[in-house]
Amino acid sequence: MFRSVVPYDYTVGIDRSDIDFMGHVNNASYLKWVQAAIISHWERLAPADAIASLSWVALKHEITYRKPAFLDDHVIATVILEKVHGARAFYEIIIKRGEEVLAEVKSSWCCLDAETHRPARVSKSIIDHFVRKAGG
(Lines give C-alpha, C1' and ligand atoms only; values in the text may rest on other atoms or scores of the structure.)
Protein backbone atom coordinates (compact mmCIF):
# COMPACT_ATOMS: atom_id res chain seq x y z
CA MET A 1 0.00 0.00 0.00
CA PHE A 2 1.11 3.55 -0.71
CA ARG A 3 2.11 5.49 2.39
CA SER A 4 2.82 9.15 2.87
CA VAL A 5 4.34 11.22 5.62
CA VAL A 6 2.24 12.96 8.22
CA PRO A 7 3.04 16.72 7.96
CA TYR A 8 3.51 18.28 11.36
CA ASP A 9 2.70 21.92 12.11
CA TYR A 10 4.69 23.63 14.84
CA THR A 11 3.60 27.05 16.07
CA VAL A 12 6.60 29.34 16.31
CA GLY A 13 6.88 31.70 19.24
CA ILE A 14 8.56 34.97 18.33
CA ASP A 15 10.32 36.67 21.24
CA ARG A 16 11.52 40.24 21.42
CA SER A 17 15.07 38.80 21.53
CA ASP A 18 14.49 37.35 18.01
CA ILE A 19 14.23 40.86 16.54
CA ASP A 20 17.37 42.34 15.01
CA PHE A 21 18.52 45.92 14.41
CA MET A 22 16.37 46.14 11.25
CA GLY A 23 13.15 45.40 13.15
CA HIS A 24 12.54 41.88 11.87
CA VAL A 25 13.41 38.38 13.01
CA ASN A 26 17.13 37.67 12.88
CA ASN A 27 18.11 34.90 10.47
CA ALA A 28 19.65 32.85 13.30
CA SER A 29 16.22 32.57 14.94
CA TYR A 30 14.94 30.54 11.99
CA LEU A 31 17.50 27.85 12.81
CA LYS A 32 16.30 27.82 16.42
CA TRP A 33 12.73 27.34 15.14
CA VAL A 34 13.76 24.50 12.81
CA GLN A 35 15.49 22.63 15.62
CA ALA A 36 12.54 23.11 17.98
CA ALA A 37 10.04 22.03 15.31
CA ILE A 38 11.92 18.83 14.45
CA ILE A 39 12.39 17.84 18.10
CA SER A 40 8.70 18.57 18.76
CA HIS A 41 7.78 16.43 15.72
CA TRP A 42 9.85 13.54 17.12
CA GLU A 43 8.42 13.87 20.64
CA ARG A 44 4.82 14.11 19.37
CA LEU A 45 4.85 11.11 17.00
CA ALA A 46 7.52 8.68 18.21
CA PRO A 47 6.65 5.95 20.72
CA ALA A 48 7.67 6.63 24.33
CA ASP A 49 10.34 3.89 24.40
CA ALA A 50 12.01 5.38 21.31
CA ILE A 51 11.96 8.87 22.83
CA ALA A 52 13.62 7.47 25.96
CA SER A 53 16.30 5.45 24.14
CA LEU A 54 17.15 7.62 21.13
CA SER A 55 18.23 11.22 20.63
CA TRP A 56 18.99 13.39 17.61
CA VAL A 57 21.77 15.71 16.51
CA ALA A 58 21.66 18.04 13.55
CA LEU A 59 24.10 17.38 10.73
CA LYS A 60 23.21 20.05 8.19
CA HIS A 61 20.74 22.86 7.57
CA GLU A 62 20.21 24.69 4.31
CA ILE A 63 17.90 27.70 4.69
CA THR A 64 16.47 29.77 1.87
CA TYR A 65 15.01 33.00 3.27
CA ARG A 66 12.07 34.38 1.27
CA LYS A 67 10.46 37.15 3.38
CA PRO A 68 11.05 38.70 6.80
CA ALA A 69 9.05 37.86 9.92
CA PHE A 70 8.10 40.40 12.59
CA LEU A 71 7.38 40.33 16.32
CA ASP A 72 3.59 40.04 16.17
CA ASP A 73 3.42 37.58 13.26
CA HIS A 74 1.66 34.22 13.59
CA VAL A 75 4.22 31.81 12.15
CA ILE A 76 3.91 28.07 11.52
CA ALA A 77 6.78 25.71 10.68
CA THR A 78 5.53 22.64 8.80
CA VAL A 79 7.84 19.66 9.21
CA ILE A 80 7.89 17.02 6.46
CA LEU A 81 10.01 13.92 6.96
CA GLU A 82 11.37 13.21 3.47
CA LYS A 83 13.20 9.97 4.18
CA VAL A 84 15.06 7.93 6.75
CA HIS A 85 18.17 6.05 5.72
CA GLY A 86 19.87 4.01 8.46
CA ALA A 87 20.57 6.45 11.29
CA ARG A 88 19.91 9.56 9.17
CA ALA A 89 16.68 11.48 8.73
CA PHE A 90 16.10 14.11 6.06
CA TYR A 91 13.50 16.85 6.50
CA GLU A 92 11.91 19.71 4.65
CA ILE A 93 10.54 22.52 6.80
CA ILE A 94 8.37 25.28 5.36
CA ILE A 95 8.04 28.36 7.56
CA LYS A 96 4.95 30.44 6.77
CA ARG A 97 2.98 33.45 7.89
CA GLY A 98 -0.50 32.63 6.64
CA GLU A 99 -0.01 31.60 3.02
CA GLU A 100 3.28 33.52 2.66
CA VAL A 101 6.41 31.38 2.66
CA LEU A 102 9.03 33.04 4.83
CA ALA A 103 11.70 30.35 4.54
CA GLU A 104 12.31 26.89 3.12
CA VAL A 105 14.69 24.59 4.93
CA LYS A 106 16.40 21.28 4.14
CA SER A 107 17.72 19.66 7.29
CA SER A 108 19.48 16.37 7.99
CA TRP A 109 19.85 14.71 11.38
CA CYS A 110 21.56 11.68 12.90
CA CYS A 111 19.81 9.39 15.35
CA LEU A 112 21.92 8.41 18.36
CA ASP A 113 21.60 5.79 21.04
CA ALA A 114 20.83 7.96 24.10
CA GLU A 115 23.18 5.96 26.32
CA THR A 116 26.22 5.36 24.09
CA HIS A 117 25.84 8.44 21.88
CA ARG A 118 26.67 6.25 18.87
CA PRO A 119 24.62 6.36 15.66
CA ALA A 120 21.51 4.15 15.83
CA ARG A 121 19.48 2.87 12.90
CA VAL A 122 15.83 3.91 13.01
CA SER A 123 13.66 0.80 12.86
CA LYS A 124 10.72 0.40 10.49
CA SER A 125 8.38 0.13 13.48
CA ILE A 126 9.44 3.62 14.59
CA ILE A 127 9.27 5.07 11.06
CA ASP A 128 5.72 3.73 10.78
CA HIS A 129 4.64 6.30 13.41
CA PHE A 130 5.57 9.08 10.96
CA VAL A 131 3.72 7.81 7.89
CA ARG A 132 0.13 6.97 7.06
CA LYS A 133 -1.49 4.55 4.69
CA ALA A 134 -3.44 5.95 1.73
CA GLY A 135 -6.92 6.96 2.78
CA GLY A 136 -5.71 7.25 6.41
Side-chain angles (χ1 to χ4, degrees):
M1 269 183 123
F2 176 75
R3 298 178 335 162
S4 62
V5 298
V6 178
Y8 176 73
D9 288 339
Y10 175 81
T11 301
V12 171
I14 301 175
D15 297 321
R16 199 165 286 290
S17 63
D18 291 318
I19 306 303
D20 66 14
F21 70 97
M22 293 186 294
H24 56 66
V25 173
N26 185 286
N27 290 356
S29 293
Y30 287 77
L31 179 57
K32 177 180 71 172
W33 299 346
V34 166
Q35 293 185 160
I38 289 175
I39 295 301
S40 178
H41 176 248
W42 168 252
E43 291 174 346
R44 175 65 71 107
L45 296 178
D49 61 329
I51 293 169
S53 64
L54 301 171
S55 59
W56 291 90
V57 293
L59 298 174
K60 181 179 178 180
H61 304 290
E62 182 178 313
I63 303 175
T64 302
Y65 299 98
R66 300 285 181 205
K67 295 186 178 209
F70 301 95
L71 184 60
D72 294 326
D73 286 348
H74 177 71
V75 175
I76 301 291
T78 301
V79 177
I80 301 160
L81 177 62
E82 292 184 321
K83 72 177 180 176
V84 177
H85 181 73
R88 291 180 134 185
F90 300 86
Y91 294 90
E92 178 179 22
I93 302 91
I94 307 296
I95 300 173
K96 293 172 111 180
R97 173 184 51 232
E99 293 302 312
E100 286 184 291
V101 174
L102 304 178
E104 298 166 297
V105 184
K106 295 288 189 177
S107 187
S108 61
W109 292 66
C110 182
C111 183
L112 301 177
D113 179 287
E115 192 172 308
T116 67
H117 303 288
R118 305 226 359 115
R121 292 178 87 67
V122 183
S123 71
K124 182 184 178 312
S125 64
I126 292 172
I127 296 168
D128 285 346
H129 288 267
F130 295 85
V131 296
R132 63 176 169 229
K133 293 190 183 340

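Note that the numbering runs from 1 along the sequence shown for the chain.
Here CD1 of Ile127 is found 9.0 Å from CZ of Arg121. Values are rounded to the nearest 0.5 Å. Annotation: the span from Leu81 atom CG to Ile93 atom CD1 amounts to 10.0 Å, rounded to 0.5 Å. If you take NZ on Lys124 and NE2 on His129, they are separated by 10.5 Å, rounding to the nearest 0.5 Å.
Pairs engaging residues 21-30 under the salt bridge (charged side-chain N to carboxylate O under 4.0 Å, His left out) rule: none recorded [sequence neighbours left out]. Residue pairs that meet the salt bridge (charged side-chain N to carboxylate O under 4.0 Å, His left out) test with at least one member in residues 50-59, sequence neighbours left out, do not exist here. Sequence neighbours left out, the pairs with a member in residues 62-82 that pass ring-ring contact (aromatic ring centres under 6.0 Å, His included) are Tyr30-Tyr65. Judged as a salt bridge (charged side-chain N to carboxylate O under 4.0 Å, His left out), the pairs with a partner in residues 70-82 (not counting sequence neighbours) are, in order, Asp73-Arg97, Glu82-Lys106.
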For residues 18-28, which side-chain N or O atoms pair as donor and acceptor with protein atoms under 3.5 Å away, sequence neighbours left out?
{"from": "Asp18", "atom 1": "OD1", "to": "Ser29", "atom 2": "OG", "distance (Å)": "2.8"}
{"from": "Asp18", "atom 1": "OD1", "to": "Lys32", "atom 2": "NZ", "distance (Å)": "2.6"}
{"from": "Asp18", "atom 1": "OD2", "to": "Asp15", "atom 2": "N", "distance (Å)": "2.8"}
{"from": "Asp20", "atom 1": "OD1", "to": "Met22", "atom 2": "N", "distance (Å)": "2.9"}
{"from": "Asp20", "atom 1": "OD1", "to": "Gly23", "atom 2": "N", "distance (Å)": "3.3"}
{"from": "Asp20", "atom 1": "OD1", "to": "His24", "atom 2": "N", "distance (Å)": "3.4"}
{"from": "Asn26", "atom 1": "OD1", "to": "Ala28", "atom 2": "N", "distance (Å)": "2.8"}

Got a list of side-chain donor-acceptor pairs under 3.5 Å for residues 33-61, not counting sequence neighbours?
{"from": "Ser40", "atom 1": "OG", "to": "Tyr8", "atom 2": "OH", "distance (Å)": "2.5"}
{"from": "Ser53", "atom 1": "OG", "to": "Asp49", "atom 2": "O", "distance (Å)": "2.9"}
{"from": "His61", "atom 1": "ND1", "to": "Ser107", "atom 2": "OG", "distance (Å)": "2.8"}

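Shown here are the side-chain hydrogen bond (donor to acceptor under 3.5 Å, both in side chains) partners of Ser125, two or more places apart in sequence or in another chain: Ser123. Applying the side chain to side chain contact (heavy atoms under 4.5 Å, CB included) test to Val101 and every residue at least two apart in sequence or in another chain returns Arg66, Ile94, Lys96, Glu104. Listed by chain and residue number, nothing satisfies the side-chain hydrogen bond (donor to acceptor under 3.5 Å, both in side chains) test with Ser108 (two or more places apart in sequence, or in another chain). Contacts of Lys83 classified as salt bridge (Lys or Arg N to Asp or Glu O under 4.0 Å), with partners at least two apart in sequence or in another chain: none. Applying the side-chain hydrogen bond (donor to acceptor under 3.5 Å, both in side chains) criterion to Thr116, with sequence neighbours excluded, gives Asp113.
Follow the hydrophobic side-chain contacts under 4.5 Å out from Trp109 and you never reach Val6; the two are in separate clusters. If you chain together hydrophobic residues whose side chains sit under 4.5 Å apart, Tyr10 and Ile63 fall into the same group. At a threshold of 4.5 Å between side-chain heavy atoms, the hydrophobic network of Ile, Leu, Val, Met, Phe, Trp and Tyr places Leu31 and Ile95 in one connected group. Note on Phe90 and Val79: separate hydrophobic clusters, where clusters join Ile, Leu, Val, Met, Phe, Trp and Tyr whose side-chain heavy atoms are under 4.5 Å apart, directly or indirectly. Under the 4.5 Å side-chain heavy-atom criterion for Ile, Leu, Val, Met, Phe, Trp and Tyr, Val122 and Leu112 are members of distinct hydrophobic clusters.
Among all heavy-atom pairs drawn from Cys110 and Pro119, the shortest one is SG-CB, 4.1 Å.
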